[in-house]
Amino acid sequence: MAETLKSLDELVSLCKRRGFIFQSSDIYGGLASCYDYGPLGVELKRNVKNAWWKSVVQMRDDMVGLDCSILMHPMVWKSSGHVDKFADLVAECKKCNTRTRVDHLQGTEGAETTHHSHGEEQEHTDLSGKVCPSCGTTGQFTNPMPFKLMFETQMGANVEDSMKVYLRPETAQGIFANFRNVMDSTRIKVPFGIAQVGKSFRNEVTTKAFIFRTREFEQMEIEFFCQPGTDEQWWEHWKEQRMQWYLDLGIRRENLKFRPHASDELAHYAKACVDIEYRFPFGQGDWQELEGIANRTDYDLRQHQRGMRSVTKWFESGRNTEKTSLVEEPEDWHKGPLSFFDDEARERYIPYVIEPSAGADRGTLAFLVDAYAEEEVRGEKRNVLRFHPKLAPIKVGVFPLVKKEGMPERAKAIYNDLRGYFSCFYDEKSAVGRRYRRQDEAGTPYCVTVDGQTAEDNTVTLRDRDSMEQTRVSCDKLLGLLREKLDM
RNA sequence: GCGGGUGUAGCUCAGUGGUAGAGCGUCACGUUGCCAACGUGAAUGUCGUGGGUUCGAAUCUCAUCACCCGCUCCA
């Protein structure tokens, strides 16, 4: 009987052995939390991203795509709240060496809360009355130290002129910053959404479990703009759509679930949020987030309207983003530059935003984990990755049964024909059974084998990865049949 | 960041102070006629990295890096 994955180690080993995923900078001993996608991995991950794009952009009338730069104007991150919220102060308890965010510490006397402000004076906050949530000791803290969750770099080669900029911690803000541009250039109308795939960077406190939580990661994000009041129904719509996407690509239903966020868990901008979780085989079979679907309300667009009007202040502060504060929102904010005039409703408003935000690396890992199976065939162990054909790095393996009697030539001709339509792999080395098993471990759904009979009647065998059954197929019908089976 | 564990060939691992090994995989040749076949041969090691102890270190020791498990953290 087929067995699924018990620990991540087996998968990590397979990923390295077969060229899916390598540790970054491996020859230098590795760099924490960074991973590289090898020849098979890059195909798999690209297939995941392409399947997402097809589902949310290509097949929909109400979606368009975008690809923003990773570096943006620093004020983008002031407006979004990341400059403040992503620079928390942390203090370490000298007793138990546990680090805790200063604004999470509770005092013994009174509940005087430390407010978010990030001047140097913060670092001398009196923590003598605070209690360590870990060991209960009072007042044994180090001085608060800033914990920068955004990656910083500088723009400009000349030190004098260079400016501090951030690597984006989410792709979402690039979408909000381009809301106007997309509206003005596409004739699209609310309700509509913008999709983007791209790298983001966060200095996570702890990284975790292979490519699950890394500091450099790739997101697949949608910001869907809708009329206030319709947001809840669109949130439901995307919940269902996104769950169905994972199911359609072959993830087992019992390994997927929704997890609604409790109200005290919601981000400052969110009205509602639900995670799509997958049961990963790390921890104790832990459920972990693949994607979050949040109702961001009109928070972001309103904040950017404030930010747009604060640029002069920023310049006057000497381009010091942390010391710039946003101007107040005017009375008529709903008519601002990022508002939308709804012809049908005859009103102007700031759209509400539903954000389905998925991790491309997490998704790829989930597809790998869910596809993994070990089974016994004739007393031998068979490792197979049962990828959905759309995700399989290689769609078709093409072999000559043996390396003689013109079989390699015929097989190569078929290979050269098929590779124009989908990624194929030609192999003539060692016994054919071994070649089948090699393709099983790469997750290749079909293998085509040229044999002695091919020369007589122009037929080949088509072997199915999952059933291991073979059928004879005429070469003339091969391409059509494969396109049908692979749905490509 | 804390505690525990691990690090030796591409992978899995043996080797506990004295000449670096096995299985699998890879490659070549032969054989082979549909599911990890067989024979012969071959290649592949900064023993994670750097210091120390020692006549001699994969082995002892210190530091460091990376990974795993558990805390902690996770707008």
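What's counted below: heavy atoms across the whole structure, side chains too, no hydrogens, waters or symmetry copies.
Checked against C34(B), A36(B), U32(B), the side chain of Lys404(A) finds its nearest nucleotide in U32(B). Closest to the Lys429(A) side chain, of the nucleotides A28(B), C35(B), C34(B), is A28(B). In this structure, of A36(B), C68(B), C67(B), it is C67(B) that holds the atom nearest to the side chain of Ala32(A). When distances are taken from the side chain of Thr449(A) to each of C34(B), A75(B), C67(B), the shortest belongs to C34(B). Distances from the side chain of Tyr436(A) to the nucleotides C68(B), C73(B), C35(B) place C35(B) closest.
Summarising the base pairing, C35(B) is matched to no nucleotide, lacking a Watson-Crick or G-U wobble pair whose two defining distances lie under 3.5 Å. Remark: A63(B) base-pairs with U49(B). Criterion, Watson-Crick or G-U wobble with two distances under 3.5 Å. Here U72(B) sits opposite no nucleotide as a Watson-Crick or G-U wobble pair (both hydrogen-bonding atom distances under 3.5 Å). Remark: U16(B) base-pairs with no nucleotide; criterion is Watson-Crick or G-U wobble with both hydrogen-bond distances under 3.5 Å. Across all strands shown, A58(B) remains unpaired; no Watson-Crick or G-U wobble contact has both distances below 3.5 Å. Across all strands shown, C27(B) is found opposite G41(B) as a Watson-Crick or G-U wobble partner, with both distances under 3.5 Å.
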Whether each nucleotide of nucleotides 37-47 of chain B has a protein heavy atom under 4.0 Å at its base (B), only at its sugar-phosphate (S) or at neither (-) is summarised, 5' to 3', as B--------B-

Apply side chain to side chain donor-acceptor pair (under 3.5 Å) to residues Ser317(A) and Asn320(A) and explain how you reach the verdict.
CA-CA 6 Å; Ser317(A) 78; Asn320(A) 188 325; 5.6 Å; no

Show the numbers, then the answer: is there a salt bridge (charged side-chain N to carboxylate O under 4.0 Å, His left out) between Lys381(A) and Glu375(A)?
CA-CA 6 Å; Lys381(A) 194 177 98 171; Glu375(A) 52 186 38; over 6 Å; no

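Remark: Gln23(A) is in phosphate contact with C67(B), judged by side-chain N or O atoms under 4.0 Å from OP1 or OP2. Phosphate contact (OP1/OP2 of C24(B), side-chain N/O of Lys381(A), threshold under 4.0 Å): absent. Listed pair Arg438(A) / U26(B) meets the phosphate criterion, a side-chain N or O lying under 4.0 Å from OP1 or OP2.
Remark: the Arg382(A) side chain and the C35(B) base include no donor-acceptor N/O pair separated by less than 3.5 Å. At a cut-off of 3.5 angstrom, the base of C34(B) holds at least one donor-acceptor pair with the side chain of Asp451(A). In terms of polar N and O atoms assigned as donor or acceptor, the side chain of Arg463(A) never comes within less than 3.5 Å of the base of C34(B) in a complementary pairing.
Where Tyr35(A) and Met468(A) each meet RNA chain B at their nearest nucleotide, the meeting point lying more 5' is that of Met468(A). Comparing Leu401(A) and Lys16(A) against RNA chain B, the residue whose closest nucleotide sits nearer the 5' end is Lys16(A).
Using a 4.0 Å heavy-atom distance criterion, Ser13(A) is classed as a sugar-phosphate-only contact. Residue contacts for Ser33(A): at a heavy-atom cut-off of 4.0 Å it reaches the sugar-phosphate backbone alone, with no base atom in range. Among the atoms of the strands shown, none is found under 4.0 Å from any heavy atom of Gln439(A). Within 4.0 Å (heavy atoms only), Phe399(A) reaches no atom of the nucleic acid at all.
The P atoms of G45(B) and C38(B) are separated by 27 Å, rounded to the nearest whole Å. On the C1' atoms, G48(B) is 6 Å away from G7(B), given to the nearest whole Å.
Between Phe212(A) and Phe280(A), a ring centre-to-centre spacing shorter than 6.0 Å is recorded. Taking the centre of each ring, Phe367(A) and Phe387(A) stay at or above the 6.0 Å mark. Between Phe179(A) and Phe225(A), the gap from one ring centroid to the other is short of 6.0 Å.
The environment of NZ in Lys313(A) is crowded: more than 12 heavy-atom neighbours from other residues, nucleotides or ligands sit within 6.0 Å.
By the 4.0 Å N-to-carboxylate-O rule, Glu291(A) lies too far from Arg362(A) to be salt-bridged with it. A salt bridge does not link Glu218(A) to Lys199(A): none of the charged nitrogens lies less than 4.0 Å from a carboxylate oxygen. For Asp275(A) and Lys257(A), the salt-bridge test fails: no basic side-chain N is under 4.0 Å from an acidic carboxylate O.
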